[in-house]
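Written out below as structure tokens is the structure these notes cover.
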Amino acid sequence: MSELLKITLPDGSVREVTRGTTPADIAAAIGPGLAKAAIGARVDGELFDITRPFEGDAQLALVTAKDEADALELVRHDFAHVLAEAVQALFPGTQITFGPSTDDGFYYDFAPKDRPFTEEDLPAIEAQMRKIIAADKPLKREAWSREDLIKRWTEQGETFKAEWAAELPGDEELTVYWSGGDWLDMCRGPHLASTGKLDPNAFKLTRVSGAYWRGDQANAMLSRVYGTGWLNKKQLDAHMLRLEEAAKRDHRKLGAEMDLFHLQAEAHGSVFWHPKGFRIYRELEAYMRRAIDGAGYREVKTPQVMDARQWEQSGHWGKYRENMFVIPDEVPNTEDEGPVISGDADWMALKPMNCPAHVLIFRQGLKSYRDLPLRLYENGCCHRNEPHGALHGLMRVRQFTQDDAHIFCREDQIIDEVRAFCALADRVYKDFGFTYSIKLALRPEKRFGTEEMWDMAETELRAAVVEAGLATPEYGWEELPGEGAFYAPKLEWHLTDAIGRTWQVGTIQSDRVLPERLDAGYVAEDGEKHRPVMLHRAIFGSYERFIGILIEHFAGKLPTWLAPVQAVVATIVSDADDYATEATAQLRTAGIRVESDLRNEKINYKVREHSLQKVPFLLVVGKREAEEGTVAIRVLGEQQQRFMPLADAIALLKSEATPPDLRA
RNA sequence: GCCGCUUUAGCUCAGUCGGUAGAGCACAUCAUUCGUAAUGAUGGGGUCAGAGGUUCGAAUCCUCUAAGCGGCACCA
């Protein structure tokens, strides 16, 4: 055992060291500065404790705060560890379970003894965490046997940890980390060398929430404490500032401030669109109609309420009935006393999706292979009785309208259709200034259809994305096992909101199940009846969600072609009223959404108000402009103004207000 | 649906020990005609989310219901 280990450093140099040597020893040998700065190690590419001895020859890269991604991962993991220790010190009897790092910090799930934690508990927990950091407790790794772990957790009353220890994979080395000599957590690591390596001013506990043990609704509800954690206070402050800025672009806040829409309890989860908000909606509709007309779709409109048997046949009744709005097909009893309905009525349901209705259109008349691909589009208004906790502004609502289409096609047309859709979606998102990520959601546990169908469907979607060149990290490409719909795998397009939450908008799904269940067929060249494949697809996802994301993306400052009011003509003195009215009329004739502001208010007041309303162009007219036939144009977000003849201003606005797909 | 929090004027919020409701903005009226992010004065406006309870007395304490917020779960 006296042989030397060869440790290769990033510069290619090799050091020979005895067994038991740690990366920290090597850092110390290189120099005291590095010894101090090094907080972790990449050994053969894997992130390790800096105090963990080498187990053989290895490539070593020391990790310092400059390796920000690794450093943050280490630090956040440690904050979670310290959080757990602090909570157990303050609330004896609390069980620890699990606590990973997150995108901006960490959390830890606890099983509280008496009551769930509340936000009022957070300051005391933070203070306790700072004590643990100040104590600079060494974090020491130890390998334990499964039996010892289970014994330890059982003795300590840690039933969740014991359950988990019993299920950890047997071929893995099981480890614990000591914090000083008096507290430990079961953990794969890695960790910093000691708690004192954390900056006590670089974290903040942010909120508490409930979370199910192992993410399963059937399990116990745990109490989760979230924190944000960074390398130093400057980073933390910058993060808190980012959150503040993000809150300002929340679409619910801007929706009220800009008078776009509102939500209220009487129709909770359904949107009241105000005139200005619905103008955005109409621009999106017009845009999408141009897009689908150009891409060979045909628009249809289908019934809002259909017989429940239709939903039984499609399979939705069995899986989603609890989220459907069900309606008795009966005239209600009008007597004051007595039941409203008799109870033996047939049931109908508000449509939760459009697919079956489109199949019913497809089934009208005998279809030939020559009819395929048949692309049916609908601005389809759907109702889903979503779990109340899921509702979120415009992003998740109970009544929404999808830009929904179903492409009925032959097997040999699938890949071309999916590729064409990828191109269309790409163009649409780019027209709105979005970058997106794209995922493939694979077969779920509960599903209809044969394994062969699923193999084919997954393969062809994957192939289309690969051929379109989108299956790259740049497009956030990943495959999500188990996340598909019950009838088909899904390609999903995701956009990100103001505070980094991602929302699915677009999708395309390759479905052989519903054509079968709803008996869609066509006559092929061989004269036999065949099943078409049905591609379900949407780009906006829903108009509601897409508008919510647009508002956040642009912080309310929508591009001119989408702005509800594109220009305001504001007067400085009432002598300019007639000219302003005339200018407004000319702009309106030119197709600009323009309003005039003749109020007896100072120009400062008007500028402020229309700026806050995010009007892209403010045309100011005073005596001078009225005499010269000019306007002073102030562009939203800019300080200075440009003077030009009214005719030039009209030309400028017409050009600015042209939708991207209509630009030369 | 689950956990925690919240709900007071159109909006944002204050309201102490349980003693009978307050500000700013917005709105209305009047004055002001002003050159690029808030002119001044005056005035109107509230079943304190809803229901029940405790109390001489409830915005305030308790229970239930609803909605909203942050997560979790769900998302055809």
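Treat the numbers as computed from the prediction; the structure is a model and nothing was measured. Numbers restart at 1 for each chain; the letters A, B, ... are given by sequence-line order, proteins then strands. The analysis underlying the following values was restricted to heavy atoms, covering all of them including side chains, and did not include hydrogens, waters or symmetry mates.
The side chain of A:His268 approaches B:rG68 more closely than any other nucleotide in the set B:rA37, B:rG71, B:rG68. Closest approach to the A:Lys602 side chain among B:rC3, B:rA73, B:rU39 is made by B:rU39 (side chain taken as heavy atoms from C-beta onward). Between B:rA76, B:rG70, B:rA67, one nucleotide has an atom nearer to the side chain of A:Arg384 than all others, and that is B:rA76. Comparing B:rA37, B:rC75, B:rU39 by their nearest atom to the side chain of A:Glu601 picks out B:rU39. Side chain of A:Leu391, nearest nucleotide from B:rG68, B:rC75, B:rA67: B:rG68. Relative to the side chain of A:Tyr212, the nucleotides B:rG1, B:rG35, B:rG70 differ in distance, and B:rG1 lies closest. Taking every side-chain heavy atom of A:Lys490 into account, B:rA76 is the closest of B:rA76, B:rG35, B:rA37. Here the side chain of A:Thr118 is nearest to one of B:rG71, B:rU39, B:rG4, namely B:rG4. Of the candidate nucleotides B:rG71, B:rC75, B:rG4, B:rG4 has the atom lying nearest to any side-chain atom of A:Val208. Picking from B:rG71, B:rA73, B:rA38 the nucleotide with the shortest atom distance to the side chain of A:Asn604 gives B:rA38.
With contacts defined as side-chain heavy-atom distances shorter than 4.5 Å, the pair A:Arg321/A:Trp311 does not qualify.
Ring centers of A:Phe400 and A:Phe546: at least 6.0 Å apart, outside the cut-off.
Below 30°, between 30° and 60°, or above 60°: for A:Phe434 and A:Phe554 the angle between ring planes is between 30° and 60°, a tilted geometry. Note on ring orientation: taking the six-membered ring where Trp is involved, the planes of A:Trp493 and A:Phe421 are perpendicular (angle over 60°, cut-offs 30° and 60°).
Distances shown here put a side-chain N or O of A:His388 below 4.0 Å from the OP1 or OP2 atom of B:rA67.
Atom P of nucleotide B:rC25 and atom CD of A:Glu609 are separated by 14 Å, given to the nearest angstrom. Taking atom CG on A:Leu350 and atom C1' on B:rA76, their separation rounds to 16 Å, with Å as the unit. In this structure, CG of A:Leu122 is placed 12 Å from P of B:rC5, rounded to the nearest angstrom.
RNA chain B is contacted by both A:Phe117 and A:Gln641; A:Phe117 maps to the nucleotide lying nearer its 5′ end (nearest heavy atom per residue). Each of A:Glu625 and A:Tyr226 was assigned the nucleotide of RNA chain B with the nearest heavy atom; the assignment lying further toward the 5' end belongs to A:Glu625.
Summarising the local packing, CD of A:Glu445 is surrounded by 12 or fewer heavy atoms from other residues, nucleotides or ligands at distances under 6.0 Å.
Here A:Gln402 lies out of heavy-atom contact (under 4.0 Å) with every strand.
The aromatic ring of A:Phe486 does not sit over the base of B:rA76; the criterion of centres under 5.5 Å apart with planes under 30° is not met.
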